[in-house]
Amino acid sequence: MYKKLNYFFIILLGIIFFIPLFWVLITSFSTSKEVIGNSFPLWVSHPTLQNYKDAWHVAPFLTYYLNTFIIVFGILIVQLFTITLGAYAFARLNFKGKNVLFLLFLLQLMIQPEILLFPNYQIMSQLGLVNTKLAVMLPYWASAFGVFLLRQTFKQVPYDLDEASKIDGSKWWQTLWHVYVPSARPTYLAFALVSVSHHWSNFMWPLIITNSDENRPLTVGLALFAQSYETGAQWGMVTAGTVMVIFPLLIAFFIFQKQFVSSFMHSGIK
C-alpha cells in the first residue's frame, strides 16, 4: 500500500515538474499565431524550426556556448585538483587543529553565495579581472562540498593499501594517484555531474562580473536575449533560446542518470 502511494506521489511530482518543460518545448515549435491564440498549447498543428533559426541569428549563441564550456570545464578541472588535495589532507594527514579546520571549512556550505558577491567583485576589480572568464571561474576553484564528499570516500580506503604503497617506496603523491584516486572514481563522477550542472545554470555571479558577449555564459545571454527589444513578446523565440540552453543538460541527465545515482550510493552519502 505504502509502496503504491510512494510511486503515485513520485509520478505526480514528475508530471508537475514536467509541465513547464512541456510548455517550453511545444511553444518553441509553434508559430506566433499559435502561441498568442493558446495560453497553454497541448499540440503543434504546424511545427516549425523558424524560432530556432531566428533566435540563433538574433543572439550570439555560439559565443555563449563556447564561453559556457570554457567556464564550466575550467572550473571543474581545477576543482578536481583542489578537492583531491584537500580531501587527502583531511582524510589521512595528521596535524594540529585538523578537525577544527575541517569544521571551519564546512561552514562554507552554510554561507549563501549571494553574501559573497560584493567582496568577490571588489577582489576581482582590484586584480583587474572584471569582465573576464577567469573572474567567473576563480571564486569556484575550491569546493567545500567536493572536499567533504571525497574525504568520506578516502576514509574508506584501507590503511593497509596506504602502508603497502609506502613500503614500496612511493611518495605521498604517488600513493594518492595510484591508490586513492582510482578507488574514488564514482565519487569523482558524482561531483563532476553536480559541478557541471550547477555552473552551467549559474546566473547571478556571471551577470555581475561580465558586461560583454565575449565573456557571458548561456544563462546571462538568454536573460538579456529574452529582455531585448528584438524579441518583444515573441515567446516562440524566447522558448527556443531556452531549449538551446537546457538541451545539453537534459542529454547529459538522460545519459548519466544511472551513474549519478550509483555514484552517490558508493560515496558515503546514503
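Every heavy atom of this structure was used, including side-chain atoms; hydrogens, water molecules and symmetry mates were not.
Hydrophobic clustering, with ILVMFWY side chains joined whenever heavy atoms are under 4.5 angstrom apart, groups Phe81 together with Phe145. Follow the hydrophobic side-chain contacts under 4.5 Å out from Val136 and you never reach Tyr64; the two are in separate clusters. Under the 4.5 Å side-chain heavy-atom criterion for ILVMFWY residues, a single connected hydrophobic cluster contains both Leu117 and Leu127. Criterion: ILVMFWY side-chain heavy atoms under 4.5 Å apart, direct or through other members. Under it, Tyr159 and Leu93 are not part of a common hydrophobic cluster. Under a hydrophobic clustering in which Ile, Leu, Val, Met, Phe, Trp and Tyr are joined whenever their side-chain heavy atoms come within less than 4.5 Å, directly or via other members, Phe29 and Leu250 fall into the same cluster.
The environment of Phe203 atom CZ is dense: over 12 non-hydrogen atoms of other residues, nucleotides or ligands sit within 6.0 angstrom.
Taking CH2 from Trp205 and CD1 from Ile208, the interatomic distance works out to 7.0 Å, rounded to the nearest 0.5 Å. The structure places CG of Leu176 at 11.5 Å from OG of Ser170, a figure rounded to the nearest 0.5 Å. Atom CD1 in Ile71 sits 9.5 Å away from atom CG in Leu66 (nearest 0.5 Å). One distance of note links CG of Leu218 with OG1 of Thr68; it measures 3.5 Å at 0.5 Å rounding. To the nearest 0.5 Å, atoms OG (Ser201) and CG (Leu222) are separated by 12.0 Å. One finds the OG atom of Ser125 at 12.0 Å from the CG atom of Asn131 (value rounded to the nearest 0.5 Å).
In terms of heavy-atom proximity, Ser195 sits nearest to Ile75 at OG-CG2, 4.5 Å. Taking both residues in full, the closest heavy atoms of Phe154 and Ala91 are given as CB-CB, 3.7 Å, listed atom of the first, atom of the second, then distance. Residue Leu106 comes nearest to Ala144 through the heavy atom pair CD2-O, 4.3 Å, listed as atom of the first residue, atom of the second, then distance. Between Val179 and Ser183, the closest heavy-atom pair is O-OG, 3.4 Å.
Remark: side-chain polar atoms of Asn215 are not paired, donor with acceptor, to backbone N or O of Thr210 under 3.5 angstrom. Put simply, the side chain of Thr239 gets close to the backbone of Ser28: a donor and an acceptor are under 3.5 Å apart. A donor-acceptor pair is defined here as one N or O able to donate and one able to accept, closer than 3.5 Å; such a pair exists between the side chain of Thr27 and the backbone of Trp23. Within the 3.5 Å criterion, the main-chain N or O of Thr63 finds a donor-acceptor partner in the side chain of Asn67.
Aromatic ring pairs are classed by plane angle as parallel below 30°, tilted from 30° to 60° and perpendicular above 60°; the pair Tyr88 and Trp172 is parallel.
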inquiry  = side-chain contact (heavy atoms from CB on, under 4.5 Å), that's the test. Do Trp200 and Thr219 meet it? Break it down for me.
reply    = CA-CA 8 Å; Trp200 187 280; Thr219 50; 5.6 Å; no
request  = Using the side-chain contact (heavy atoms from CB on, under 4.5 Å) rule, take Met137 and Gln79 through it: C-alpha gap first, then chi angles, then the decisive distance, then the call.
outcome  = CA-CA 10 Å; Met137 297 185 286; Gln79 279 184 336; over 6 Å; no
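Side-chain contact between Met237 and Phe225: present, with at least one pair of heavy atoms (C-beta onward) separated by less than 4.5 Å. Residues Tyr121 and Val130 form a side-chain contact, since some pair of their non-hydrogen atoms from C-beta on lies under 4.5 Å apart. With contacts defined as side-chain heavy-atom distances shorter than 4.5 Å, the pair Leu138/Trp141 qualifies. Side-chain atoms of Phe191 and Ser143, non-hydrogen and from C-beta on, do get closer than 4.5 Å to each other. Between Pro139 and Met124 the shortest side-chain heavy-atom distance falls below 4.5 Å. At a threshold of 4.5 Å between non-hydrogen side-chain atoms, the residues Val157 and Arg92 count as touching. No side-chain heavy atom of Ile83 sits under 4.5 Å from any side-chain heavy atom of Phe148.
Note on residues 58-67: no pairs pass salt bridge (Lys or Arg N to Asp or Glu O under 4.0 Å), not counting sequence neighbours. For residues 133-156, the set of pairs meeting the salt bridge (Lys or Arg N to Asp or Glu O under 4.0 Å) definition, not counting sequence neighbours, is empty. Within the structure, salt bridge (Lys or Arg N to Asp or Glu O under 4.0 Å) contacts touching residues 191-213 (residues at least two apart or in different chains) are Asp213-Arg216. Annotation: ring pair (Phe, Tyr, Trp, His ring centres under 6.0 Å) contacts involving residues 89-112, sequence neighbours excluded, comprise Phe90-Phe102, Phe90-Phe105. The stretch residues 67-77 participates, sequence neighbours left out, in no salt bridge (Lys or Arg N to Asp or Glu O under 4.0 Å) pair at all.
Under the side-chain hydrogen bond (donor to acceptor under 3.5 Å, both in side chains) criterion, Thr84 pairs with Tyr188, not counting sequence neighbours. For Leu103, there are no side chain to side chain contact (heavy atoms under 4.5 Å, CB included) partners two or more places apart in sequence or in a different chain. Under the side-chain hydrogen bond (donor to acceptor under 3.5 Å, both in side chains) criterion, Thr242 pairs with no residue at all, not counting sequence neighbours. Considering only residues two or more places apart in sequence or on other chains, Glu214 meets the side chain to side chain contact (heavy atoms under 4.5 Å, CB included) condition with Ser212. A search for side-chain hydrogen bond (donor to acceptor under 3.5 Å, both in side chains) contacts involving Asn120 returns nothing, not counting sequence neighbours.
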Identify each donor-acceptor pair in which a side-chain atom of residues 11-22 lies under 3.5 Å from a protein atom, sequence neighbours left out, and give them as a table.
none

Cut-off 3.5 Å, no hydrogens considered: what does the side-chain donor-acceptor table look like for residues 54-61, sequence neighbours left out?
residue : atom : partner : partner atom : Å
Asp54   : OD1  : Gln50   : NE2          : 2.8
His57   : ND1  : Lys53   : O            : 2.6

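The side-chain hydrogen bond (donor to acceptor under 3.5 Å, both in side chains) test with Tyr180 is passed by exactly one of Asp162, Thr175, Thr153: Asp162.
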